[in-house]
Amino acid sequence: MAVRIIETAPYADQRPGTSGLRKKVSVFSQKHYLENFVQSIFDSIDAPPGSTLVLGGDGRYYNREAIRIIVGMMAANGFSKAIVGCGGILSTPAASHLIRKNGAFGGIILSASHNPGGPDGDFGIKYNSENGGPAPEKLTDAIFERSKSISSYMIHDDFEIDLDRIGQSQVGGMIVEVIDPVSDYADLMESLFDFDLIRTLLNGNFRISFDAMHAVTGPYAKEIFENRLGAAAGSVVNAVPLIDFGGGHPDPNLTYAKELVETMYGENPPDFGAASDGDGDRNMILGSRFFVTPSDSLAVLAANAHLVPGYRSGLLGVARSMPTSGAVDRVAKALNIPFFETPTGWKFFGNLMDAGRVSLCGEESFGTGSNHVREKDGLWAVLFWLNLVAAKRLSVEEIVKEHWKAYGRNYYSRHDFEEIPLEAARASMETVKARFPSLPGSAFGKYKVAFCDDFAYTDPIDGSRSEYQGLRIIFEDGSRIVYRLSGTGTIGATLRIYLESFEPDQEKQGMDAQEALGELISISRALSLLEEKTGRNTPTVIT
Ligand code: G1P
Ligand code: ZN
């Protein structure tokens with residue numbers, strides 16, 4: 001028998017965050033660290049014998065080694081099948097789709113999303129349930145509890161698998177099916193969007209540039225944009241997934257997707273630019289010399305969804321996370337469909353989608369998606385935009401401006417202050433919170449506070465309550481300042497300040513966002529005594 005029971009001692013730090021357990025590679029490569037966590041998952045999920053799991057990751061450093069360990073542990077723990085992406089590759093949305101399509105019990109996704117990779121970078125692991133979405137908090141809590149008392153794990157450690165060849169092999173009593181990571185996902189996209197129409201657009205003069213940032217979407221984008229939709233060769237750049245993402249930071253925003261931004265704002269730019277992140281669930285959309293904020297993107301997709309085959313019959317409802325701008329709220333009102341405001345993180349949307357309450361949802365953090373899977377989906381958003389551009393025969397910029405004209409513009413920006421000592425970040429948050437009793441009614445220049453709170457949410461489906469989800473100050477004209485501590489960073493704390501103001505007047509919609517939000521930015525610093533408490537005034541990243 002090659003199944004062994006290995007004795008181990010618990011680690012104290014295996015509490016999964018918003019998107020699974022995310023740590024430095026140096027932490028993950030400690031003895032039994034990954035194994036402890038995986039056994040804690042298996043001990044907590046209650047999978048009946050003979051269950052199937054989907055397994056894959058974003059290709060970062062340690063991905064392959066981890067897959068081999070997990071396959072061995074699955075076999076030893078009585079699973080009957082592992083569906084594994086060839087080369088160990090599966091984007092997060094593709095994994096979500098495979099879980100649903102195959103009726104799998106769940107899946108394990110290896111990724112630290114947009115965090116840098118490589119030996120000095122981050123690694124991550126998360127468990128998704130049978131609906132294809134991230135494990136609910138109840139389950140991640142149970143996994144953490146289990147990890148604190150674990151004393152042994154089971155592993156089958158004598159087997160050969162070829163991760164790079166499509167086909168089946170046997171590990172103990174378990175079948176390992178290595179599959180093409182791309183084709184099922186590409187078929188799903190083809191079922192939602194008008195590929196003929198997009199093909200006509202791309203066969204004309206319309207040029208696109210998609211930056212895969214040397215992360216997981218490279219092979220997906222090549223297949224979908226270049227092979228199936230006929231975009232010119234070279235439309236997908238940085239298409240080969242690398243274990244360290246080529247030294248880059250695979251986060252599609254104006255700071256980290258620098259190469260794409262230079263292309264789109266340079267000489268003779270393409271008509272359309274987009275990028276995705278490490279594991280393929282985020283998206284950034286650009287037109288020629290034009291940036292679409294994720295909040296606007298969600299609103300535009302919702303307002304125009306009827307132009308896309310997969311959503312032709314209308315939307316069940318829409319949802320956004322609390323810090324996301326209110327642009328989509330007005331679309332929901334105009335369409336007379338239900339609207340939900342949830343805490344940050346995709347899992348809250350999953351419940352609403354499972355219950356058939358929403359079709360589209362999104363976050364300001366470059367995440368947009370629909371009920372086709374239970375994760376946000378980067379390439380899906382890009383295809384949605386291409387479908388709209390083709391159907392409306394307008395440029396990206398024209399579509400957004402037309403939207404502002406009809407619905408008004410939400411000036412919006414997020415300022416991130418990364419790697420602040422946790423105590424300092426908390427002190428700044430506490431400073432804001434301490435002011436709450438006296439804020440309503442007080443005026444700061446033209447801004448008069450209407451309302452402030454620490455956002456809390458009761459899930460309308462399962463009644464669960466989530467508290468302390470961010471401090472929001474809402475002004476009488478609808479402008480907002482929101483303060484939140486990130487739940488995904490791995491070094492110190494990241495303080496996020498979200499700023500938003502509403503401009504219905506078309507004449508005043510052409511300003512630079514930072515300029516339009518200037519006064520709110522100053523107020524946000526003053527209310528939090530940011531500089532005094534953290535020593536910072538300049539954000540690490542401005543979006
Ligand atoms: C960040 C984003 C959030 C997103 C999460 C996972 O979380 O802000 O919208 O759901 O990554 O991609 P945060 O670091 O703010 O907790
Ligand atoms: Zn991601």
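Numbering of ligands and ligand atoms starts at 1, following listing order. Computation of the quantities below employed the complete heavy-atom set of this structure, encompassing side-chain atoms and omitting hydrogens, waters and symmetry-equivalent molecules. Keep in mind that what you see is a predicted model, and the values were worked out from it rather than measured. Note that the numbering runs from 1 along the sequence shown for the chain.
- The proximity of Ser365 to ligand 1, defined as any non-hydrogen pair under 4.0 Å, is limited to the side chain.
- Scanning all protein heavy atoms for the shortest distance to atom 10 (O) of ligand 1 gives Glu363 OE1, 2.6 Å.
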Exercise for the section: Decide side-chain contact (heavy atoms from CB on, under 4.5 Å) for Val54 and Lys101; before the verdict, give the C-alpha distance in whole Å, the side-chain angles of both, and the deciding distance to 0.1 Å. Expected result: CA-CA 11 Å; Val54 169; Lys101 182 176 175 233; over 6 Å; no

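- Shown are Tyr468, Tyr498, Phe455; of these, the side chain to side chain contact (heavy atoms under 4.5 Å, CB included) with Arg484 is made only by Tyr498.
- For ligand 1, the atoms lying closer than 4.0 Å to a non-hydrogen atom of Arg496 are 8 (O), 13 (P), 14 (O), 15 (O).
- Taking only nitrogen or oxygen atoms, main chain and side chain alike, Ser486 reaches within less than 3.5 Å of ligand 1.
- Which of Lys376, His114, Arg282 comes nearest to atom 1 (C) of ligand 1 through a heavy atom is settled by distance: it is Arg282.
- Annotation: side chain of Phe340 is in contact with side chain of Pro460 (closest heavy-atom distance under 4.5 Å).
- For the atom pair Thr368 OG1 and Asp377 CG, the distance stands at 9.0 Å (nearest 0.5 Å).
- The Gly487 neighbourhood of ligand 1 comprises atoms 13 (P), 14 (O), 16 (O), with distances under 4.0 Å to a heavy atom of that residue.
- Geometry note: the Zn ion (ligand 2) is the vertex, Asp281 OD1 and Ser113 OG are the arms, and the angle is 160° (rounded to 10 degrees).
- Close N/O approach between Leu485 and ligand 1 is not found [any backbone or side-chain N/O within under 3.5 Å].
- Taking the N/O/S atoms of Asp279 in turn, the shortest distance to the Zn ion (ligand 2) belongs to OD1.
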Exercise for the section: Begin from the C-alpha positions of Tyr61 and Asp122 and carry the test side-chain hydrogen bond (donor to acceptor under 3.5 Å, both in side chains) through to its verdict. Expected result: CA-CA 9 Å; Tyr61 184 84; Asp122 289 348; over 6 Å; no

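- A cation-pi geometry, defined here as NZ or CZ lying under 6.0 Å from the six-membered ring centre and within 45° of its normal, does not hold between Lys24 and Phe28.
- Here is the list of ligand 1 atoms found below 4.0 Å of a heavy atom in Gly345: 10 (O).
- Nearest to the Zn ion (ligand 2), among the N, O or S atoms that Asp277 has, is OD2.
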Practice task
Check step by step if side-chain contact (heavy atoms from CB on, under 4.5 Å) holds for Ser413 and Ile542.
Solution key: CA-CA 7 Å; Ser413 184; Ile542 295 182; 3.7 Å; yes

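- Near Ser19, meaning under 4.0 Å from any of its heavy atoms, are these atoms of ligand 1: 6 (C).
- With a 4.0 Å heavy-atom cut-off, ligand 1 is reached by the side chain of Arg414 but not by its N, CA, C or O.
- In this structure, Ser235 contributes its side chain and Ala231 its backbone to no donor-acceptor pair below 3.5 Å.
- Looking only at heavy atoms of the protein, atom 7 (O) of ligand 1 is closest to Thr488 CG2, 3.5 Å.
- If you number the atoms of ligand 1 from 1 as listed, the ones under 4.0 Å from a heavy atom of Thr344 come out as 3 (C), 9 (O).
- Proximity of the aromatic rings of Phe384 and Tyr311 is defined here by a centroid distance below 6.0 angstrom, and this criterion is met.
- Atoms of ligand 1 found under 4.0 Å from any heavy atom of Arg484 (numbered from 1 in listed order, with element): 13 (P), 15 (O), 16 (O).
- The six-membered or imidazole ring of Tyr33 lies near that of Tyr11, with a centre-to-centre distance under 6.0 Å.
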